[in-house]
Every structure is written in C-alpha cells, then in structure tokens.
> 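Quick one: this structure, given as structure tokens, is what I'll be asking you about.
Whatever order the structure lists ligands and atoms in, that order sets their numbers, starting from 1. Quick caveat, the model's predicted, so the values are computed rather than measured. In this chain, residues are counted from 1 in sequence order.
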Amino acid sequence: MKAVAQLNKDYIPTLEIDNGKLVKNPEAPSRLEGVEIFVKNNFECVNPKEYPLNYLYNIHPKWYVKHVENLSKNAKNEYLPEVFLKDRILDSGTPITKKTYNAAINAYYTVMTGVNLDSKYVYILTRPPGHHATSNFAGGYCFFNNAAIAAKYLQSTFQERICILDVDFHHGNGTQEIFYEDPQITYISIHGTPEKFFPWISGYRDEVGKDNGKGTNFNFPLDEGITWEEYKVVLEIALEIIEKISPLKLIVSLGFDTHLKDPMGYFNLVDEDYKKMGKLLKKLDIPIIFIQEGGYDKYANTNAAINLFSTFKEGENA
Ligand code: OKP
Ligand code: ZN
C-alpha cells in the first residue's frame, strides 16, 4: 500500500451557514491530522508532485477553474455567496478564502501523484474534498472533483472501465453528474437518503444514468441510524456490481462521516465495522485508489482509517 498526503494546513475555512445561522465550518485540516500520522507511520508515503493542468481541464472547463481562482484571489477574509447561480457555488457551506484556489490545485497535484503510484492499493489523503463539485459548480466544501479527475485520467489513459464506489455519508452529486452519460465510468453510492440529508437534489434510486450511460449509475439511499448489519447487505450488492463490471481500477470516495461519532453524518458504524469494510473490499481483488472525502470527527476518522487499512497492510507487498 502506498499513500500520498497533502492536507493544505494553511487552508482553514472558518464559517458556513447552517439553518440560516453562521456556524463553525468543520472542513478543517485538524479533522485528518490523526489519519495523516497513521499513514506516515505505516505506509510508504510520497510527496505530491506538480502536474500540468490538462487533466483538471478534462473535468472542469478552463473558465470555471479561472472563476474559482478569481473568487479566491479577490476574497477578503472569507467569501460566502449571496447569489448562488451567479457565483457558481451550490450552497452556503462552501466559503472561499485566499487559500482556496491553491489548496484545490494542491489537491489536484496530490490526486495526479496518487493515480500514478505503482501499487495495487493507494490512499490519496487530501482536502478540500471533491465529490459535490460538478464540472462547473462548487458545493459541499468541494471545488474540484478529485475522484472524477482520477477516474477520467485512468479511463482515458488506459481506455478501460473504471468504477467509483462512494461510501461518504453524503451523496456525491458532482461525481454522479459528471459521469451520468459515460458508459465507461460507473458511479455507485451508498448514502443517507437525500429526502432528509444534503445534497437533497440527487441520490435517489431512480437515477440510473442517461443515454449511453444508462445502467452505469447506482444509488443506495439509506435511512439514518443504519448499523453494520444493514449497511453490509447494501455494500455487498454494490460489490457484486463492481465484480461483474471487473474494472481496471476501483476508486473509493472515502468518507468517514458514516461513523456513529461523526457530527455531520447519521449512520451508526463503529470502529470495527471499517475493518469488515476493508476485508470485503480486499476480497474483490481489484486495484483500489482510496480518495479522502468527508469525516469530521478527528478521533472517529483516525480509528476508522486504522481499521479500514489494517487489511491492506497485511500480507502481500501490494
Ligand atoms: C461534505 B462531504 C449547509 C450545511 C450542509 C454540507 C455538508 C457537506 C458534506 N447549510 N453541510 O460529503 O462530507
Ligand atoms: Zn460527507
């Protein structure tokens, strides 16, 4: 197992609006600092390298990247949108600071470094997260869609099928939208039902893909309070789909906000459940690239990571 980490510790959004009130923004580097220590002590960990931006432009048009850059460079203190469509930010949980653009670009470098590592299992530990960003809208703390960039890079380089399994508590509306008509990239998500939880607008069962991509999008919305017994049944269905497709690589959009202790997610998985999740993923015997998404309790995140990855450390020198 190899890893690449870049937590952008100078990028600390402080605010978001929740229920009409300014509240503390939980998407801070501290949430992943325990995970980073674990990774550095246990995996071969490389430094991110710079890459040209063309693989970013395969997902996000140049004008959108420039737009994020401009909002960021012009930000005084912290910018929260007032007119969503004009600002191309979906929600009030995605403030922009002077450091936002650099952090999102650094995350891109980290993703590109990770997808080019020579190892059966790779962990890309970075932030800001990506799965809520569409090709031309930011949202849910996300600006550039890290998992989509990785998937598109692999698919176009190797002309092979790629699967994305999104286990963050929140539906990855951005990733779904980006690949909705793409027959080569399958998106599968297990998440809190959008009837009750962010991002509200998508993540329903009947969203199955469109045109050539019909049948390559799978949503498994679940109620709050789900424990491993119930989660496992759905995860096994998702893994059967992946097995059938037999992709060149599996990308896991990895959110730890499914943990009982997480303040933003409402499932009830506990530490040991992530070990079981890891075992099921490893049984697939398909190369996996894990990309960090959510997870907002520092201790829950650390314990989830230790348990999940314990299986991948053992045995073979993959
Ligand atoms: C990001 B990820 C806005 C509150 C909504 C957004 C949650 C974003 C989760 N008023 N909070 O998928 O972990
Ligand atoms: Zn989430």
> How far is atom 10 (N) of ligand 1 from its nearest protein heavy atom, and which residue and atom name does that atom have?
Ile17 O, 2.5 Å

> Just which atoms of ligand 1 are under 4.0 Å from any heavy atom in Asp257?
13 (O)

> Is the closest heavy-atom distance from Glu27 to ligand 1 below 4.0 Å?
no

> In terms of residue, atom name and distance, what is the protein heavy atom nearest to atom 8 (C) of ligand 1?
Tyr141 CE1, 3.6 Å

> Please verify whether a non-hydrogen atom of Tyr296 lies at under 4.0 Å from ligand 1.
yes

> Does one side chain, of Thr97 or Glu78, offer a donor that lies under 3.5 Å from an acceptor on the other?
no

> Only heavy atoms of Glu16, strictly under 4.0 Å: list the atoms of ligand 1 that pass.
3 (C), 4 (C), 11 (N)

> How many angstroms lie between SG in Cys163 and CD in Gln184, if you round to the nearest 0.5 Å?
11.0 Å

> Does Asp168 approach ligand 1 within less than 4.0 angstrom via side chain, backbone, both or neither, non-hydrogen atoms only?
side chain

> I'd like to know: is the Zn ion (ligand 2) within the 2.8 Å range of an N/O/S atom from Asp168, strictly under that distance?
yes

> For His171 and Asn173, which I'm curious about, is there any donor-acceptor pair between the side chains at under 3.5 Å?
no

> If you group Ile, Leu, Val, Met, Phe, Trp and Tyr whenever their side-chain heavy atoms sit less than 4.5 Å apart, what else falls in with Tyr141?
Met264, Tyr296

> Of all the atoms in ligand 1, which lie at a distance below 4.0 Å from a heavy atom belonging to His132?
1 (C), 2 (B), 9 (C), 12 (O)

> Can you tell me the angle formed at the Zn ion (ligand 2) by OD2 of Asp257 and ND1 of His170, to 10°?
100°

> Judged by modelled atom types alone, do Asp271 and His259 share a side-chain donor-acceptor pair under 3.5 Å?
yes

> Look at the side chain of Asn307 and the backbone N and O of Asn303, then say whether any donor-acceptor pair between them is shorter than 3.5 Å.
yes

> Between the main-chain N or O of Leu269 and the side-chain N or O of Asp273, is there a donor-acceptor pair closer than 3.5 Å?
no

> What about Phe198: any of its N or O atoms under 3.5 Å from an N or O on ligand 1?
no

> Within a distance under 4.0 Å of any heavy atom of His131, pick out the atoms of ligand 1 and give their elements.
2 (B), 12 (O)

> Please determine, by modelled atom types, if Thr258 and Tyr274 share a side-chain donor-acceptor pair under 3.5 angstrom.
yes

